[in-house]
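The structure appears right after this line, and notes come after that.
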Amino acid sequence: MSKELGTRADDFSKWYNELVVKADLAEHSAVKGCMVIKPHGYAIWEKMQQALDTMFKDTGHVNAYFPLFIPKSFFSKEANHVEGFAKECAVVTHYRLKNSENGIVVDPDAKLEEELIVRPTSETIIWNTYRGWIQSYRDLPILVNQWANVVRWEMRTRLFLRTTEFLWQEGHTAHATAEEAIVETKQMLEVYADFAENWLAVPVLKGVKTANERFAGALDTYCIEAMLQDGKALQAGTSHFLGQNFAKAFDVKFTNKEGKLDYVWATSWGVSTRLMGALVMSHSDDNGLVIPPKLAPVQVVIVPIYKGVDGLDKISEIVDPLVKKLKQRGISAKYDKRDTHRPGWKFAEYELKGIPMRMAIGERDLENGTVELARRDTLSKETVPLENIEQKIEELLVDIQQNLYNRALKRREESTHIVNTYEEFKQALEKGGFVSAHWDGTPETEQKIKEETKATIRCIPLNNPQEEGKCIYSGKASAERVMFAIAY
RNA sequence: CGGGGCGUAGCGUAGCCCGGUAUCGCGCCUGCUUUGGGAGCAGGAGGUCGUCAGUUCGAAUCUGGCCGCCCCGACCA
């Protein structure tokens, strides 16, 4: 059939690309490196947004919106920050087109006095704005988040994982003390980890980035790292302690309780549509997408099997009230009674699209007072009594959510290797997954290992046990293990 | 930016080496029969072959330029 997928074992990368397109999550657009997120994909993103937004609000944050364009001069104010982003910025230089013999051209007379940068992230415009909002400790903290699009002109792109334009949220907070900002940074990391595990059903490693991997302009970058089915790591979210770097760059001072002027302490944190990639690569199988129930646009699809209009009516008499009962329980059900597609077609379609549960009901079931329930995660089917079916469905959805998490956790644990020598290290990388090893703490060693093996230090895990050891590369003393992996 | 691939109907493709106005599958439309895992039969619609130029009586096919996208590497969330 036209919708047949390749397999993960055969070519994981190809499987992923095909799945994203065939499951109607997204497609390549006419613009290089940019994708169209299709309704099915966007519905999942909306579910993520909803859950995250609630978690942000519950931790005291509010939403606002800052401009897409940033004056070029803002970028040069924080040295590390410029360096980090300079190579991937889209720049607006003109503001008008005109007709010419060669068709529409940029009007050379409409050159901007100062070029505008399409935001790759918003620290600069936000801190320039915060200067006007903050005078006293009474104005602090500022706990703002924005949902936005950003542009990073990457050389190579990949649907959801790395696109030129992507959607994300970026939190930008301002605090009176370093301690408070650090608490905020860590709190948001916990929020992300909570979201990843309880909504995405993706277990994540919480940790701190090394200097090499740190956000440009941050003092510390905390992250959650996921392990995907192909044994590669994916940075799924970051939370940065920015110190006073941006306050100093944009001259944001406040009067503290002692009446002295001080620079404000900052954090920023974000997750993006990259999470969609994490979702797909964590749970899906060779039959198609698998979406955890808590993020599924539709949790249960109900497919009637009937002959003739009368047959459908009889089934609808049962199903229509059931859909209402499910809704009352907060379960989203779709009754697909389209006569334009046959049941088998619908089964295959919803399977490909990852709908967690399917209920089929036909004439035989009407006689027996039963329905057939199928779950997407295990592909198993069972015939169960219609009576009290909504409770059964509710229980199964919870079970599917949990099962997906357990499965992913088991996979991660099985693909986490502890090694003590560089030889073992390289062998472990062949197998894929996380590799826990001693490191001497220098950027040079980290760089060498990266050049030789492509593996990077994904993070230094939080609450990392202290343990005497020797760096696998240099043999120098090390006090703790760090987590390596080949990453997306 | 380097290497590779591709551009032919809505999608996926054959044809290109060896020039003669385009193949097949899916999808789409109509009708009948069907409906518990991507239905069957019959009929039908749909194409400036990415683009510009050249060679030729004649170009999807040969030549040159251009454009675009995808994949693989170096940079990054």
Side-chain angles (χ1 to χ4, degrees), chain A residues 1-5 11 13-14 16-18 21-22 24 27-35 83-89 120-121 150-170 192 209 212-216 218 221 223-226 233-240 268-278 287-288 303-309 311-312 315 337-353 358-368 370-374 379 381 383 450-451 454 456 458 487-488:
Chain A
M1 293 295 126
S2 67
K3 295 224 165 164
E4 239 165 54
L5 283 168
D11 186 341
S13 185
K14 192 175 168 201
Y16 172 79
N17 287 335
E18 286 181 5
V21 171
K22 288 185 174 162
D24 269 342
E27 63 187 43
H28 292 285
S29 72
V31 186
K32 184 184 170 71
C34 296
M35 64 177 173
E83 207 183 317
F85 285 107
K87 285 170 289 181
E88 52 192 55
C89 285
T121 180
V150 287
V151 167
R152 295 183 187 174
W153 216 266
E154 302 287 354
M155 299 180 205
R156 226 187 120 216
T157 57
R158 198 119 198 266
L159 291 169
F160 287 117
L161 292 184
R162 184 176 297 102
T163 46
T164 300
E165 179 191 14
F166 58 92
L167 306 183
W168 78 346
Q169 59 70 217
E170 44 181 328
Y192 287 155
K209 287 292 188 190
N212 282 354
E213 301 281 325
R214 196 180 286 153
F215 174 72
T221 289
C223 61
I224 52 171
E225 293 282 329
L234 183 80
Q235 178 173 307
T238 50
S239 183
H240 314 290
S268 69
W269 28 273
V271 295
S272 71
T273 36
R274 169 176 263 201
L275 290 175
M276 294 286 294
N287 296 302
V303 179
I305 296 154
Y306 60 93
K307 294 187 174 75
V309 184
L312 178 60
I315 291 169
K337 56 177 172 181
R338 285 178 297 173
D339 194 33
T340 50
H341 298 282
R342 298 169 73 258
W345 188 91
K346 292 176 187 173
F347 292 177
E349 183 68 9
Y350 291 110
E351 197 165 287
L352 177 66
K353 291 196 168 179
R358 180 186 72 232
M359 184 182 122
I361 175 166
E363 311 248 329
R364 284 210 301 270
D365 293 306
L366 292 184
E367 288 166 19
N368 301 335
T370 57
V371 296
E372 181 191 81
L373 286 184
L379 293 168
K381 293 188 281 200
T383 300
K450 184 179 177 185
E451 283 164 16
K454 289 181 181 171
T456 50
R458 300 321 302 155
Y488 272 100

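Remember, it's a predicted structure, so these values are computed and weren't measured experimentally. Chain letters run A, B, ... following the sequence lines, proteins first, then strands; residues in each count from 1.
- Evaluation of atom-type donor-acceptor distances gives no pair under 3.5 Å for the side chain of A:R152 against the base of B:C76.
- The gap from the C1' atom of B:A59 to that of B:G64 amounts to 15 Å, rounded to the nearest Å.
- Separating the C1' atom of B:C18 from that of B:U61 is a span of 10 Å, rounded to the nearest Å.
- A:K209 comes within 4.0 angstrom of nothing in the nucleic acid, heavy atoms only.
- Every side-chain contact (heavy atoms from CB on, under 4.5 Å) that A:T370 has, sequence neighbours left out, goes to A:D365, A:N368, A:T383.
- Counting any heavy atom pair closer than 4.0 Å across all strands shown, A:S13 reaches sugar-phosphate atoms only and no base atom.
- Among the heavy atoms of the strands lying under 4.0 Å from A:T163 is at least one base atom, whether or not backbone atoms are also near.
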Verdict with reasoning, A:E88 to A:M155, per side chain to side chain contact (heavy atoms under 4.5 Å, CB included): CA-CA 9 Å; A:E88 52 192 55; A:M155 299 180 205; over 6 Å; no
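- Every side-chain contact (heavy atoms from CB on, under 4.5 Å) that A:A236 has, sequence neighbours left out, goes to A:I224, A:L275.
- Counting distance only, with no hydrogens placed and no angle test, the side-chain atoms of A:E363 and the base atoms of B:G36 include no donor-acceptor pair under 3.5 Å.
- RNA chain B forms stems at B:1-7 with B:67-73, B:10-12 with B:24-26, B:28-33 with B:39-44, B:50-54 with B:62-66, each a run of 3 or more consecutive Watson-Crick or G-U wobble pairs whose two key distances fall under 3.5 Å.
- Residue-to-nucleotide contacts include a donor-acceptor pair under 3.5 Å from the side chain of A:K381 to the base of B:G37.
- Checking the phosphate oxygens (OP1, OP2) of B:A39, a side-chain nitrogen or oxygen of A:R342 falls inside 4.0 Å.
- Put simply, CD1 on A:I305 is 18 Å from P on B:U34, counting in whole angstrom units.
- In this structure, A:T238 OG1 and A:K209 NZ are separated by 8.5 Å, a value rounded to the nearest 0.5 Å.
- Interface remark: the A:R358 side chain does form a donor-acceptor pair with the B:G37 base, using a distance-only criterion of under 3.5 Å.
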Pull out every protein N or O sitting under 3.5 Å from an N or O of nucleotides 65-70 of chain B, one pair per line with the distance.
unit_1, atom_1, unit_2, atom_2, d
B:C69, OP1, A:K32, N, 2.8
B:C70, OP1, A:H28, ND1, 3.3

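- A:F347 carries A:R358 over the face of its six-membered ring, with the cationic atom under 6.0 Å from the centre and within 45° of the normal.
- In this structure, the ring pair (Phe, Tyr, Trp, His ring centres under 6.0 Å) partners of A:F215, at least two apart in sequence or on a different chain, are A:H81, A:F85, A:H240.
- Contact annotation for A:F85: no contact, since no heavy-atom pair falls under 4.0 Å across all strands.
- Within a 6.0 Å sphere centred on CH2 of A:W168, heavy atoms belonging to other residues, nucleotides or ligands number more than 12.
- Scored by the side chain to side chain donor-acceptor pair (under 3.5 Å) test, A:R274 finds no partners at all (sequence neighbours excluded).
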